[in-house]
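Take a look at the structure set out below.
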Amino acid sequence: MPFHPAYIPTTTSIETNGPGFRELSKFYAKTLNKTGETFELDFSKMNHIDANLASVLASIKYRLEQRRCKLIVRLAGATFYTFKRNGFISYSNGKPNDLSVADERESTIPLRVFRPDEDEPFTQYLKKDFFGHRGATALTKTEVDRLINHFSEIYQNVFMHANTTEPVFACGQFFPSKGELKFTLVDLGDGFLKKVHEKTGGQISSEASAIQWALLGNTTRDVAKFGPGGGVLKSIREYCKQHNGSILIVSGADYCNAGAGPIESGKLACPFSGSIVNLVLRNL
Amino acid sequence: MYMVQLLVKDIISSTVAISNTAGLKAFDTVRKYVLSEQQVILSFAGIENLTSAFCNAMIGKLYMQFGEKHIDSLVKFANVDNEVWQEKIRTAKILGVDEKFRNADQENISQLFA
């Protein structure tokens, strides 16, 4: 099995933002169209990686394994322990959803893999692992209900629009001292552009424009068939704004980050499969 | 008039009312009663989670298909004591009856991407 030299990121920190995804995409670009090869991602010199991005790494590993490739992720220090506690290490060892992973410090939110129609397990995950978390104890019941609703809406959005039966990867991270919560949901479906392009009669022709279109409250929903509504990303964006946070969406090789100001967009080194929705909430 | 009591959790066989699919299942059940002019009480007792996706597919679609007066006279919602849920049900109803509200967010594409 051909073995590629380890990819070492050019930064010392990977966070849930455009530069963070660009860094991950630089590695992913090296693996595209390769079969039966081994790739190594060396994070051992990194100072920090947002633990919620374990869902992105798990999805990359899943894609590589579909092409009979192997992914080795080297982690060290505090990052290693965080990714051990959230279950990524055991996932990397081929034991997805190993519930025996002990988080004795109860400071991480586990990585989980769902099918797109697993409503109840996903809700249980939110209740137990996210909002049963010690970092969430300051939240009111109403606040928790709103958060569960927003996260569920994103999950439902995947089911409605991604057009896939492939797994959905979820992970989060709480920073109780900062009152900050990060959540990342990855699907391996169609991404944003395909349906938006169809819905707009071809007027929207880039992934970034399709993401912006959705963030502004538009929807590809067939109202007669599914009932009114849609446009959930706009209300989630508003909610993130209220919490001094942001929603970052990756689709194809584009990303858009919507915080308090105008929507920022950028390019990645290569397209990811499906879409990645990230929420960053502060002042919780 | 005699009113039939329906439990959402029995209709969808779950305590989690979050998906569009479950909402459409509940819509189909209630729709049959509405078509036969039977009054129903739709109880959310035992439901642990409720999303806009579910409410829009069930309640929004009922109001959209049958109109406000008709649904208000036949369908009552019970065991909704959570303010977030009440808000969702209200919004689903408005989305169903008010086409302007429904389309308010549909931005003008040519303006946005000219």
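If you're wondering where the values come from, they're calculated on a predicted model, not measured in any experiment. All heavy atoms count here, side chains included; hydrogens, waters and symmetry mates do not. Proteins come first, then strands; the chains are lettered A, B, ... in the order of their sequence lines, and each starts at number 1.
By number of non-hydrogen pairs under 4.5 angstrom with chain A, the leading residue of B/Leu24, B/Ile59, B/Thr91, B/Leu62 is B/Leu24. By number of non-hydrogen pairs under 4.5 angstrom with chain A, the leading residue of B/Ser19, B/Cys55, B/Gly23 is B/Ser19.
Both the backbone and the side chain of A/Val223 come within less than 4.5 Å of a heavy atom in chain B. The parts of B/Asn20 that come within reach of chain A are both its backbone and its side chain, each placing non-hydrogen atoms under 4.5 angstrom from that chain. Interface residue B/Glu87: only side-chain heavy atoms are found under 4.5 Å from chain A. Of the atoms belonging to A/Thr142, heavy atoms from both backbone and side chain fall under 4.5 Å from chain B. Interface remark: B/Leu50 contributes backbone atoms only to the contact with chain A (heavy atom separation under 4.5 Å). In this structure, chain A has heavy atoms under 4.5 Å from both the backbone and the side chain of B/Ile18. Only the backbone of A/Lys225 comes within contact range of chain B, with at least one heavy atom under 4.5 Å from a heavy atom of that chain.
Along residues 252-267 of chain A, no residue comes nearer than 4.5 angstrom to chain B, judged on non-hydrogen atoms.
Distance NZ/A/Lys127 to CG/B/Asn49: 4.0 Å, rounded to 0.5 Å. Here CG of A/Asn149 is found 10.5 Å from CH2 of B/Trp85. Values are rounded to the nearest 0.5 Å.
Enclosure of atom NZ in B/Lys76 by more than 12 non-hydrogen atoms of other residues, nucleotides or ligands within 6.0 angstrom is indicated. Surrounding NZ of A/Lys241 are more than 12 heavy atoms belonging to other residues, nucleotides or ligands, all under 6.0 Å away.
Considering every non-hydrogen atom in both B/Lys61 and A/Ala224, the closest pair reads CE-O, 3.4 Å. Closest of all the heavy-atom pairs between A/Arg221 and B/Ala53 is NH2-O, 4.4 Å. Of all non-hydrogen atoms in B/Asn56 and A/Gly229, the two that sit nearest each other are ND2-CA, 3.6 Å. Taking every heavy atom of both residues into account, B/Gly60 and A/Pro228 meet most closely at C-CD, 3.4 Å.
Using a 4.5 Å heavy-atom threshold, the side chains of B/Glu83 and A/Asp145 count as separate.
Legend: residues meeting side-chain hydrogen bond (donor to acceptor under 3.5 Å, both in side chains) with A/Asn52, ordered by chain and number and at least two apart, are A/Thr16, A/Thr184.
Side-chain polar atoms of B/Ser14 and A/Glu120 form a donor-acceptor pair below 3.5 angstrom.
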